[in-house]
Amino acid sequence: MERHFSETASAKRRLPAEYRHFTLIELLIVIAIIAILAAMLLPALNRARDRAHSTKCVANLKTYTMSGLTYANDNNDYLVPADPTNVTVCIWYRNAAFRRLLGDCPGPLWFGATQVDSSNDRAGNPGLLCPALAANAAGRQGPYYSNSYGMTHEEIPVSGWNYQGLPGVAAYKLSRIIGPSQRLMFIDSADPTTDKRWSTLNYWTLNRRNVAYRHGNFTNVGLMDGHVESRGWQDVAVDHLWFGFYTANLAD
């Protein structure tokens, strides 16, 4: 009997490769091992993807802040307007000059125009939008400039001075900003303008002006001096980021 089993096993080993098969138990073991490896690797892959999204978002915001500084250099030290009510001046994401500085390849209708035409006022170059936005925008409009990044407009309405002398236009003048390395310019946001009231983790509400914590529980912040930081909500919901920007002298 033992000899017969030995001869049978030996004969099986001598079978051509195309006649040898996994047993059901062997197949189930292989599937289980693959499932365990996938479960171990998936979180690491997700973390790597999230880090890549955050890194690209930081690079985007660096482009936004440096473009803002360049825009100010070309416009009497004023940043691109954040939230104008004057119909002759356009908000930052419709401002053709600012969009050109971002490198958002302008179409023929842009040349000589002050604002982007309505068909392109929100959608633009996907490479200039937060890469984590698409994954977080389910059930919401987008992705657009208008729900990718936001610009703060705190304190401008009460400052007593206006962009290029025009009333009803919210814009910062760089020479009047105190401590620019701690003052917000652009931030991950669900709205093109944002404010401190919506700087908590409550991103998924439909309130306007929400800060968006798309990178784990962190958001990327572009500061007035051009540098970018990644911050948790406790470090975003601080007054000095939003308020106390300006010198007391309103004459300049």
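All values below come from the heavy atoms of this structure, side chains included, with hydrogens, waters and symmetry mates left out.
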Considering only distance and modelled atom types, tabulate donor-acceptor pairs under 3.5 Å from the side chains of residues 232-239, sequence neighbours left out.
{"unit_1": "Asp239", "atom_1": "OD1", "unit_2": "Lys196", "atom_2": "NZ", "d": "3.4"}

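The shortest side-chain heavy-atom distance between Tyr213 and Ser199 falls under the 4.5 Å cut-off. When side chains are defined from C-beta on, Thr194 does not count as touching Met151, because their heavy atoms never get closer than 4.5 Å. You'll find the side chain of Trp198 stays beyond 4.5 Å of the side chain of Asp191, heavy atoms only. In this structure the side chain of Leu174 reaches within 4.5 angstrom of the side chain of Leu69, judged on heavy atoms.
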Query - side-chain hydrogen bond (donor to acceptor under 3.5 Å, both in side chains) between Ser181 and Asp225, intermediate numbers included - result: CA-CA 5 Å; Ser181 65; Asp225 68 343; 4.6 Å; no

Report task. Decide side chain to side chain contact (heavy atoms under 4.5 Å, CB included) for Leu184 and Met224; before the verdict, give the C-alpha distance in whole Å, the side-chain angles of both, and the deciding distance to 0.1 Å. Result -> CA-CA 6 Å; Leu184 174 64; Met224 289 285 186; over 6 Å; no

Query raised in the report: Do Thr70 and Asp74 pass the side chain to side chain contact (heavy atoms under 4.5 Å, CB included) test, and can you show the C-alpha distance, the side-chain angles, and the key distance before you say yes or no?
Result: CA-CA 6 Å; Thr70 302; Asp74 295 338; 4.1 Å; yes

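The ring-ring contact (aromatic ring centres under 6.0 Å, His included) check on Tyr149 picks up Tyr64, with sequence neighbours excluded. Contacts of Asn217 classified as side chain to side chain donor-acceptor pair (under 3.5 Å), with partners at least two apart in sequence or in another chain: none.
Aromatic pair Phe186/Trp92: ring centres closer than 6.0 Å.
Formation of a donor-acceptor pair under 3.5 Å by the Lys56 side chain with backbone atoms of Leu129 is not found in this model. The main-chain N or O of Asn210 is found under 3.5 Å from a side-chain atom of Ser189 such that the two form a donor-acceptor pair. Without hydrogens or angle criteria, Asn147 side chain to Tyr144 main chain gives a donor-acceptor distance under 3.5 Å. Side-chain atoms of Lys62 come within 3.5 Å of backbone N or O of Gly226 as a donor-acceptor pair. A donor-acceptor pair under 3.5 Å is formed between the side chain of Arg99 and the backbone N or O of Tyr93. Thr193 contributes no side-chain N or O that, together with a main-chain N or O of Thr152, makes up a donor-acceptor pair within less than 3.5 Å. Using a distance-only test at 3.5 Å, with no hydrogens or angles considered, a donor-acceptor pair links the side chain of Thr63 to the main chain of Ala59. At distances below 3.5 Å, not a single donor-acceptor pair connects side-chain atoms of Asn75 with backbone N or O atoms of Tyr78.
Across Asn220, Val221, Val211, a single residue satisfies side chain to side chain contact (heavy atoms under 4.5 Å, CB included) together with Asp188, and that is Asn220.
Counting non-hydrogen atoms of other residues, nucleotides and ligands closer than 6.0 Å to CD1 of Ile25 gives a total of 12 or fewer.
What you find for Asn60 and Pro131 is that their closest heavy atoms are ND2-CD, 4.2 Å. Between Ser67 and Leu101 the shortest heavy-atom distance is OG-O, 3.2 Å. The minimum heavy-atom distance linking Ser146 with Pro192 is given by the pair O-CD, 2.9 Å. Considering all non-hydrogen atoms of both residues, Arg214 and Ser148 come closest at NH1-O, 2.8 Å. Scanning all heavy atoms of the two residues, the minimum distance from Pro81 to Ala171 falls at CA-CB, 4.0 Å. Scanning all heavy atoms of the two residues, the minimum distance from Leu79 to Met185 falls at CD2-CE, 4.0 Å.
The line from OG1 of Thr219 to CD of Glu229 is 11.5 Å long, rounded to the nearest 0.5 Å.
Cluster annotation: Phe218 and Val58 are assigned to distinct hydrophobic clusters (Ile/Leu/Val/Met/Phe/Trp/Tyr, side-chain heavy-atom contacts under 4.5 Å, transitive).
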